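All values reported here derive from a predicted model rather than from experimental measurement.
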Amino acid sequence: AYIGKGISLGKNVTIFPSAYVDDATEIGDYVVIFPGVYVGPRVKIGARTIIYPNVTILADCKVGKDVIIHSGAVIGSDGFGYSRDEKGRYVKIPQMGTVEIEDGVEIGANTTIDRAALGKTLVKRGTKIDNLVQIAHNVVIGEDSIIIAQVGIAGSTKVGDRVRLGGQVGVVGHIEIGDGASIGAKTGVAKSVP
């Protein structure tokens, strides 16, 4: 494994061969990092978190305690932010924010959670996310929610506590889904839901 400079390691941490832990990261007690994982600079990982093979956690992201991240997940990739210039060409908007994953969250294989343009994309305590889910920049997902496979949530949407999103739900940006809402599989959500 590659271990960078200025790392803070808790007790009984396991880092398998072929993992890469960049500079100034903080890793809590009993964390397990499997082969092929990339942990970017200044990332913070809480105690007892398990990060399975080939997960990528990019710079400045924060992962809480007792989190499970399954293989192939990407935390902190750039949000999909572009603007058109005077010639109609797309120009990238820098994505300067972070991602924060609170305690007890589970993230499925090949799920992506984009960093915020500014501020943070946030997944709150106890939420469970299935495989192949896309969570865009500046999304907030409340506590104890369930997000099932192939859900896509567009930027700046707020999802409440105890929400259930069935498989292949598509959610537009800049809306709110209220606490306790339950949305069936393949639903397109085009406006706020109480």
Side-chain angles (χ1 to χ4, degrees), residues 1-4 7-80 95 97-116 120-153 159 161 163-165 167 169:
Y2 174 84
I3 307 295
I7 304 288
S8 172
L9 288 179
K11 63 184 179 182
N12 295 319
V13 171
T14 301
I15 301 175
F16 280 89
S18 301
Y20 188 108
V21 181
D22 215 328
D23 296 344
T25 58
E26 297 179 23
I27 298 175
D29 298 343
Y30 303 101
V31 168
V32 179
I33 297 175
F34 277 84
V37 169
Y38 172 77
V39 178
R42 301 171 301 282
V43 166
K44 296 179 181 178
I45 300 172
R48 298 174 302 280
T49 288
I50 300 171
I51 303 172
Y52 283 106
N54 301 317
V55 167
T56 299
I57 305 173
L58 292 159
D60 300 305
C61 293
K62 183 177 180 183
V63 178
K65 299 174 183 175
D66 301 302
V67 172
I68 300 170
I69 306 177
H70 290 280
S71 296
V74 179
I75 311 300
S77 51
D78 279 357
F80 194 69
Q95 305 293 292
T98 63
V99 174
E100 183 174 342
I101 310 297
E102 291 187 350
D103 299 346
V105 170
E106 186 161 353
I107 298 168
N110 294 318
T111 283
T112 57
I113 303 176
D114 291 347
R115 72 177 50 248
K120 64 186 173 185
T121 303
L122 176 61
V123 180
K124 293 187 179 178
R125 185 204 56 78
T127 284
K128 311 303 181 190
I129 302 170
D130 198 0
N131 302 332
L132 297 167
V133 170
Q134 158 65 10
I135 298 171
H137 57 127
N138 294 93
V139 167
V140 175
I141 298 177
E143 296 184 356
D144 296 310
S145 290
I146 292 285
I147 314 293
I148 308 302
Q150 297 182 353
V151 165
I153 304 173
V159 177
D161 297 339
V163 170
R164 292 177 292 175
L165 300 181
V169 166

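- Ion pairing of E143 with R125 is present here, as a side-chain N (NZ or NE/NH1/NH2) and a carboxylate O approach within less than 4.0 Å.
- For R164, the side-chain hydrogen bond (donor to acceptor under 3.5 Å, both in side chains) partners two or more places apart in sequence, or in a different chain, are S182.
- A donor-acceptor pair under 3.5 Å is absent between the side-chain atoms of S8 and the main chain of E26, judged by distance alone.
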Show, in sequence, the C-alpha distance, side-chain angles and deciding distance for D114 and Q134, and conclude whether the side-chain hydrogen bond (donor to acceptor under 3.5 Å, both in side chains) test is met.
CA-CA 8 Å; D114 291 347; Q134 158 65 10; 3.1 Å; yes

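- Test I51, V123, I107, T112 against I75 for side-chain contact (heavy atoms from CB on, under 4.5 Å) and you get one pass: I107.
- At least one side-chain heavy atom of V32 sits less than 4.5 Å from a side-chain heavy atom of F16.
- Applying the side-chain hydrogen bond (donor to acceptor under 3.5 Å, both in side chains) rule to Y52 yields no partners; only residues at least two apart in sequence or on another chain are considered.
- Taking 4.5 Å as the limit, every side-chain heavy atom of V133 sits out of range of all side-chain heavy atoms of L165.
- G76 approaches C61 most closely through the heavy-atom pair CA-SG, 3.7 Å.
- Judged by distance alone, the side chain of T111 and the main-chain N or O of D130 form a donor-acceptor pair under 3.5 Å.
- R115 is listed as a side-chain neighbour of L58, based on a closest heavy-atom distance under 4.5 Å.
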What verdict does the side-chain contact (heavy atoms from CB on, under 4.5 Å) test give for V99 and I135, after you've listed the backbone C-alpha separation in whole Å, the side-chain angles of each residue and the deciding distance to 0.1 Å?
CA-CA 11 Å; V99 174; I135 298 171; over 6 Å; no

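- Considering only heavy atoms from C-beta on, I69 stays 4.5 Å or farther from I101 through its side chain.
- Heavy-atom minimum distance, R42 versus T25: N-CG2, 3.9 Å.
- The main-chain N or O of N54 is never found under 3.5 Å from a side-chain atom of S71 such that the two would form a donor-acceptor pair.
- Of all the heavy atoms in I15 and A1, the pair that sits closest is CG2-CB, 3.8 Å.
- A donor-acceptor pair under 3.5 Å links the side-chain atoms of N131 to the main chain of A109, judged by distance alone.
- With sequence neighbours left out, the side-chain hydrogen bond (donor to acceptor under 3.5 Å, both in side chains) criterion links D22 to Y38.
- In this structure, D29 and K11 approach most closely via the heavy-atom pair OD1-N, 2.8 Å.
- Looking at heavy atoms from C-beta onward, E102 lies in side-chain contact with L122 at the 4.5 angstrom threshold.
- Looking at every heavy atom in both residues, T49 comes nearest to D66 through OG1-N, 3.5 Å.
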Would you sort out whether V105 and I141 count as a side-chain contact (heavy atoms from CB on, under 4.5 Å), showing the intermediate values?
CA-CA 11 Å; V105 170; I141 298 177; over 6 Å; no

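- More than 12 heavy atoms of other shown residues, nucleotides or ligands fall within 6.0 angstrom of atom NZ in K128.
- For G28 against V13, the heavy-atom pair with the smallest separation is O-CG2, 3.2 Å.
- Using a 4.0 Å cut-off between charged nitrogen and carboxylate oxygen, D103 and K65 do not count as a salt-bridge pair.
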